[in-house]
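Accompanying notes for the structure given below.
Owing to the predicted nature of the structure, the values given are computational and were not obtained by experimental measurement. Residue numbering restarts at 1 for every chain, and letters A, B, ... go by the order of the sequence lines.
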Amino acid sequence: MTAPESGFRDRVLALVARIPAGRVMTYGQLALLAGQPGAARQAGFVLNSLMNGSALPWQRVINAQGRVSTHKLGFGALQEGLLRAEGVTFDDSGRCDLARLQWWPEDSPHGPPPTLLDQA
DNA sequence: CAGTTGACCGACG
DNA sequence: GCGTCGGCCAACT
């Protein structure tokens with residue numbers, strides 16, 4: 001098969017591009033689906049390499065705490081603003097409800113967690 | 001080739 | 001709930 005895994009980076013970007021509006025994914029999740037469980041830092045590194053010059057919805061990628069990890073970078077407020085525009089609500093502490101907003105691809109090899117909407 | 005760094009994560013106090 | 005420590009893996013110097 002035509003060099004499928006020649007880029008952990010490309011794979012992460014592909015996943016980010018598939019995130020629907022109003023939904024978010026965590027770095028660890030991206031790394032997990034990209035085939036590198038534990039490489040959450042690398043997932044973040046990939047997004048940093050984009051430097052917001054890409055058309056990808058990088059704003060929909062947040063950390064496992066449900067909080068944007070870009071505050072230290074200086075454009076955290078921007079990311080929250082973009083997400084709010086998509087319907088994402090942030091807590092007073094700057095946290096959003098991951099249990100409700102975290103999105104999983106349909107063909108995830110790990111299978112989407114049973115979580116969420118079941119109780120609704 | 002070895003050390004350092006990083007848009008992280010989970011555990012511990 | 002918050003701060004700190006260690007672990008994780010790949011890229012950068």
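Of the possible polar contacts, none joining the A:S93 side chain to the A:R95 backbone as a donor-acceptor pair under 3.5 Å is found. Side-chain atoms of A:N48 do not come within 3.5 Å of backbone N or O of A:M51 as any donor-acceptor pair. Looking only at distances, a side-chain donor or acceptor of A:Q29 sits under 3.5 Å from a matching main-chain atom of A:W103.
Taken together through direct or relayed side-chain contacts under 4.5 Å among Ile, Leu, Val, Met, Phe, Trp and Tyr, A:F45 and A:F75 form parts of separate hydrophobic clusters. Residues A:V61 and A:F8 fall within the same hydrophobic cluster, defined by Ile, Leu, Val, Met, Phe, Trp and Tyr side chains chained together at heavy-atom separations under 4.5 Å. Criterion: ILVMFWY side-chain heavy atoms under 4.5 Å apart, direct or through other members. Under it, A:I19 and A:L47 are part of a common hydrophobic cluster.
The CZ atom of A:R9 sits 14 Å away from the C1' atom of B:dA7 (whole-angstrom rounding). Taking atom NE2 on A:H71 and atom C1' on C:dC2, their separation rounds to 16 Å, with Å as the unit. Atom CG in A:L73 sits about 14 Å away from atom C1' in B:dT5, given to the nearest Å.
The shortest heavy-atom contact between A:L56 and A:A17 is CD2-CB, 3.4 Å.
One distance of note links CD of A:Q65 with SG of A:C96; it measures 11.0 Å at 0.5 Å rounding.
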Nucleotides 9-13 of chain B: which of its N/O atoms have a protein N/O under 3.5 Å away?
| unit_1 | atom_1 | unit_2 | atom_2 | d |
| --- | --- | --- | --- | --- |
| B:dC9 | OP1 | A:A64 | N | 2.9 |
| B:dC9 | OP2 | A:A64 | N | 3.0 |

Measure all distances between protein nitrogen or oxygen atoms and nitrogen or oxygen atoms of nucleotides 8-12 of chain C, and list the pairs falling under 3.5 Å.
| unit_1 | atom_1 | unit_2 | atom_2 | d |
| --- | --- | --- | --- | --- |
| C:dC9 | O2 | A:Q42 | OE1 | 2.6 |
| C:dA10 | O4' | A:Q42 | NE2 | 3.1 |
| C:dA10 | N9 | A:Q42 | NE2 | 3.3 |
| C:dA10 | N3 | A:Q42 | NE2 | 2.6 |

